[in-house]
Amino acid sequence: MIRARTFTDARQQAHSNAELHWWIFMRISGLILMFLILGHVYMTFIQVSESDATFDAVVNKLANPAWKFYNWLILSLSLLHGANGARYSIEDYVRSRPNRAWVKGVFYTVIALLFAFGTVGLFSI
Amino acid sequence: MHHRYDVLVVGAGGAGLMAALYAAKGNVSVACISKLYPTRSHTGAAQGGIGAALGNVQEDHWEWHMFDTVKGGDYLTDQDAAEVFAKDIIDAVYELEHMGLPFSRTPEGKIAQRKFGGHTRDFGKAAVERSCYAKDRTGHMILQTLYQQNVKAGTTFFNEFHVTDLLIEDGRCQGLVAYELSTGELHTFHAKAVILAAGGYGRVFKITSNALTLTGDLMSIYYRKGLPLEDMEFYQFHPTGLAKLGILVTEGIRGEGGILRNDSGERFMERYAPTIKDLAPRDIVSRSIITEIREGRGVGRDKDAVNIDLTHLPREVIEGKLAEITDLARTYLGMDPVKDLVPIQPTAHYAMGGIPTNLDGLCLSDGSGGTVEGLYAAGEQACVSLHGANRLGTNSLGDLVVFGRRAGIAAAKYARQVEYPDMPEGAQRESVDLFERLRNGSGKENAAAIRKDLQESMMNNVGIFRNGKDMAAQVEILKELKARYQGVTVSDPSRRYNSELIEAMELGFMLDCAEAMTASALNRTESRGAHDREDFTERNDTDWLKHTMAYKNLNKADDVIIGYKPVALKGFTRAFEPKPRVY
Amino acid sequence: MTQTTAQASSAPVSASVPMLQLKVKVLRFDPEKDKKAYWTTYDVEAQPGDRVLDVINHIKWYLEPSLTFRRSCMHGICGSDAMLINGRNRLACKTLVRDVAKSGGTITVEPIRGLKVEKDLLVDMEPFFDSYKAIMPYFINESPAPAAERIQSEEEAERMAHSSNCILCACCTTSCPIFWVNGSYLGPAAIVQAHRFIFDTRDEATQQRLGIMNQNTGVWRCRTAYNCTEACPRDIPITQLIEEVKRAVMYGQA
Amino acid sequence: MYRGREGQWAFLLHRLSGLAILFYLMLHVFSIGSFIFGERFYMTIHETYDLVPFRIGLLFVTAGVVYHAFNGLRIIVMDFTGFGVAYQRQMWYGVMLLSVLAFIGSAIVVVPRILGGY
Ligand SMILES: Cc1cc2nc3c(=O)[nH]c(=O)nc-3n(C[C@H](O)[C@H](O)[C@H](O)COP(=O)(O)OP(=O)(O)OC[C@H]3O[C@@H](n4cnc5c(N)ncnc54)[C@H](O)[C@@H]3O)c2cc1C
Ligand code: HEM
Ligand code: SF4
Ligand code: F3S
Ligand code: FES
């Protein structure tokens with residue numbers, strides 16, 4: 001047996017634009033990242049292997065404030081973009097409410113720590 | 001389980017949903033019980049449109065519509081019903097529009113209308129645009145819109161509940177019993193008023209445009225109480241259904257120039273209707289097709305169809321104007337009407353007869369004004385005698401909304417005035433017995449095999465052509481089938497979702513409908529409207545301008561008592577004298 | 001069927017059509033007695049032009065009466081018989097045997113995904129209809145109606161041509177990879193219904209419906225996987241409609 | 001497995017590549033950022049990246065980035081234009097082509113290095 005939901009039931013749904021804003025953010029940050037990351041990959045492609053990124057090479061390049069900013073933009077945008085993308089997945093696959101809460105909590109903490117760590121690193125050179 | 005509602009509606013097709021809406025407006029508690037989810041009801045299959053004299057395209061008046069309905073019904077139509085109908089339907093269509101139904105529009109933005117067989121201006125002078133439509137899915141839109149409005153109104157639905165018995169004592173309906181498919185439980189519903197709107201019973205025929213679930217359940221239940229079924233002999237066959245499948249193909253194919261051909265490619269309509277050939281009326285074409293098939297000139301593996309040939313028409317016409325048949329032929333036959341001949345065959349389509357009611361939908365218990373208090377009926381399963389001996393295209397959808405609404409209003413009004421009737425002792429007894437027998441019998445009969453035999457024999461003997469000999473034979477066949485039915489035992493013991501049990505029960509209902517239909521048809525020794533007898537080819541107004549009322553003889557097995565009811569030959573303000581029905 | 005017109009008009013249509021020998025593999029489950037769903041294979045003879053539903057009916061009527069599924073209209077209008085046929089969501093009555101198997105071949109039939117299986121091919125449809133009801137699937141216009149119809153142009157009526165065609169069969173929603181894992185997603189069918197009203201010029205509750213679509217469970221969960229569009233038996237361009245609703249929400253909030 | 005068509009696989013790959021890149025990014029930020037702990041620590045981490053599995057993994061990450069970036073573009077075009085929905089399939093094949101090219105391109109650079117042992 002079903003009792004049809006009424007007009008007022010349906011109207012009482014909460015209102016928030018958060019999902020819309022995240023949706024727009026994913027597209028805009030994606031567009032910007034597209035240039036930043038493909039540029040980054042292209043420029044560092046010659047190195048290809050992480051071991052080419054020697055201490056000195058990295059330090060030298062990051063001495064330039066423009067590169068600092070470039071890298072910081074990548075860092076923050078891609079972490080936010082990636083974190084929100086991962087949130088989509090968590091909300092889809094982690095179905096039990098309590099589990100979802102702590103998985104999200106741990107995940108956001110890791111992202112925040114990484115962000116702090118990366119920022120400090122970038123600007124401490 | 002026990003439930004109690006002021007008004008109960010059985011069936012959630014167009015008629016049931018309309019009745020539920022209006023009953024709810026009458027300030028009473030309402031529940032709708034349906035064996036299908038509401039949107040699965042067969043009202044959704046209707047394509048053509050709903051006729052109303054809006055006059056959006058051309059001048060039109062309700063009097064003209066009333067006349068067409070009466071004439072279309074071969075004067076067996078009750079003219080008071082036709083008058084109420086032709087007036088009310090105008091309002092009802094506007095009301096559907098106000099409920100949001102997405103009608104197709106005229107360039108001025110009004111509801112679009114088109115021509116349809118039998119609808120004329122000026123009492124038969126010329127065709128008129130009267131059918132209001134929403135593309136080629138008017139019924140679908142009506143069903144969806146009415147369901148939506150019920151969701152809005154918060155109607156309580158009991159979906160996938162099969163009504164198995166009506167509780168009627170001393171001429172008063174007290175409620176009903178229903179079987180819940182998901183649990184196998186029987187529920188008793190106690191009510192002040194019950195509205196029946198459970199649709200047709202086309203599945204008694206082998207080839208039909210009706211759904212597998214249209215098995216005449218409530219007609220049979222009514223009939224089992226010794227109450228009458230009216231005009232059961234009138235059953236409409238549509239000439240063009242896809243071969244084997246019975247899926248309806250619009251009349252437009254002939255209108256656009258399609259040609260019917262037999263096995264040798266001959267254009268056989270030249271022999272039956274030399275002047276207008278393939279454009280002859282529905283009944284003549286249906287009869288001609290059947291003659292060809294009977295004389296062995298059919299096509300197909302069983303030689304039981306003829307071809308419709310569109311190959312001479314330009315591709316644009318076929319794909320543009322006949323998009324629907326093109327799509328159906330491609331989907332179901334893998335044939336392209338542009339290149340291939342499409343096999344078609346007449347298909348059982350619509351029951352004019354059913355549970356007799358007065359203009360408010362109140363059920364009649366005999367032919368002389370007796371009623372069943374608190375019991376109402378509407379839709380295809382009811383017979384207000386709007387369609388008489390032959391229904392006009394687009395008048396059924398109108399019937400649903402006009403008389404569904406009237407039944408809803410009347411039932412709510414009645415429910416407000418009365419107390420709950422007492423429930424009878426052991427309300428569920430008959431239903432329990434029915435299921436006990438089907439579950440625990442010892443017979444080995446297969447219900448599907450019996451159903452197949454029923455459908456084939458009805459198609460052959462009480463189909464488009466009827467004669468005394470075949471129908472008398474059918475009476476015997478039905479006796480045999482009913483005897484075999486007693487030997488049906490359901491093999492699936494489960495309680496939940498036991499669809500085998502349901503199908504077996506439905507077969508029992510179908511057998512009853514077939515019995516009443518065959519007896520009524522055998523009894524009427526004339527040809528009128530859809531009832532065509534080879535042994536009595538003329539209409540006979542002196543003896544037969546009356547409705548048939550078929551009663552089950554409760555004292556003698558397999559016996560049907562035939563009674564009659566007068567035809568209302570006058571409306572409230574207009575009346576049309578019976579005349580020969582020529583177009 | 002590759003016969004020519006000449007043959008079709010003179011020879012019986014299907015006399016020459018051979019019967020196909022098929023194996024029909026059905027995923028069966030009866031919670032009353034089974035712990036797990038299991039496959040059963042039935043040998044069936046069918047004509048190429050038979051519907052898959054005809055074949056399943058045949059199995060039920062003559063081979064395995066307890067086989068359970070929903071069906072009614074037999075021609076794709078009632079929306080009862082959505083099933084997973086050979087790995088895709090289809091209406092069994094709108095799928096022909098010849099399109100899914102050759103003679104000697106196998107047809108697999110499973111219940112649609114993401115809804116609880118009640119018995120064999122029959123699933124619990126309540127969650128599906130609940131999401132339908134959540135979008136306020138009814139016309140709302142509280143201003144007094146005119147005596148006749150509300151005027152609407154042909155173009156405005158055409159805006160609803162696709163969305164109003166939906167028969168609520170659930171082929172789309174149960175083919176959506178997001179819905180499988182996340183039942184709180186309203187799903188494509190509900191969004192199609194919302195589209196029907198959002199783009200109806202006569203309706204006055206557009207903002208409320210856009211508000212519902214704007215929620216976490218609404219239109220933003222769609223990841224444009226297109227399974228819904230491929231599955232729809234009514235050829236509704238569902239993904240396109242969903243994208244239109246996304247834009248309507250976005251511009252509506254701007 | 002549901003026999004979906006291009007759109008289903010496009011979605012699945014987009015999600016997988018996105019999560020993979022995120023995972024890589026997290027490692028990358030950690031390792032690059034680790035130079036604040038001094039050169040020794042930094043170089044130790046980076047030597048482990050020289051292992052063959054890491055190098056091959058990088059191939060896939062590169063292809064994944066290219067796929068995710070261009071499919072992201074495809075999604076944006078679908079979201080904002082009717083054209084995008086109509087030609088989503090064709091666009092997806094374009095995206096796949098680019099990803100394969102990127103994979104081959106980086107393989108040309110990386111494989112000799114793996115074989116050459118540096
Ligand atoms: C292919 C086709 C095309 C048509 N085209 C047109 C057209 O263009 N114009 C027109 O005017 N008419 C047309 N008709 C006729 C018209 O559509 C039908 O007569 C009409 O829809 C019947 O509506 P209904 O509400 O009486 O029953 P239905 O819509 O058939 O509904 C019956 C309801 O009763 C319920 N029910 C049945 N038995 C039980 C039970 N035992 N217990 C509980 N519930 C039960 C079912 O669940 C269902 O909800 C067409 C018919 C067909 C088949
Ligand atoms: C390079 C340019 C990039 C573009 C153009 C881009 C674009 C997009 C877009 C448009 C979406 C939304 C998809 C949808 O709503 O269906 C998305 C999702 C996502 N992106 Fe990116 N992105 C880029 C880079 C990245 C990076 C660097 C990461 C990782 C850190 C990342 C991780 C993700 C994840 C995890 C998702 C969620 C996937 C899903 O839910 O299906 N993206 N991306
Ligand atoms: S949109 Fe198509 S697939 Fe989805 S429920 Fe409606 S008709 Fe079925
Ligand atoms: S399948 Fe699902 S993700 Fe969107 S495009 Fe269809 S709803
Ligand atoms: S049985 Fe009605 S849609 Fe298939």
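So that the names make sense, note that chain A is the first sequence line, chain B the second, and so on, each numbered from 1.
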Checklist entry - Can you name the closest pair of heavy atoms from A:Arg27 and D:Ile76 and give their distance? => result O-CD1, 3.6 Å
Item to check | Minimum-distance pair of heavy atoms, taken over all atoms of A:Ala86 and D:Leu22 | outcome: CB-CD2, 3.8 Å
Item to check | For chain A, the option from D:Val29, D:Asp79, D:Val66 that forms the most heavy-atom pairs under 4.5 Å | outcome: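 Result: the option with the highest number of such pairs is D:Asp79.
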Checklist entry - Considering only heavy atoms from C-beta outward, does the side chain of D:Arg15 approach that of A:Asp92 to under 4.5 Å? => result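 When only atoms from C-beta onward are counted, A:Asp92 and D:Arg15 do touch, with a gap below 4.5 Å.
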Checklist entry - Do the rings of D:Phe80 and A:Trp23 sit parallel, tilted or perpendicular, given the 30° and 60° boundaries? => result tilted
Next on the checklist: Is it the case that the ring center of A:Tyr88 lies less than 6.0 angstrom away from the ring center of D:Phe11?
Outcome noted: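 For D:Phe11 and A:Tyr88, the ring centres are not under 6.0 Å apart.
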For [X], does the [atom1] atom sit with more than 12 other heavy atoms under 6.0 Å from it, leaving out its own atoms?
X	atom1	answer
D:Phe103	CZ	yes
D:Phe23	CZ	no
D:Phe60	CZ	no
A:Trp22	CH2	yes
A:Phe117	CZ	yes

Item to check | Gap between atom CD1 of A:Ile37 and atom CG of D:Leu25 - 0.5 Å precision | outcome: 7.0 Å
Next on the checklist: Working to the nearest 0.5 angstrom, can you tell me the gap between D:Met26 CE and A:Ile111 CD1?
Outcome noted: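 The distance works out to 4.0 Å.
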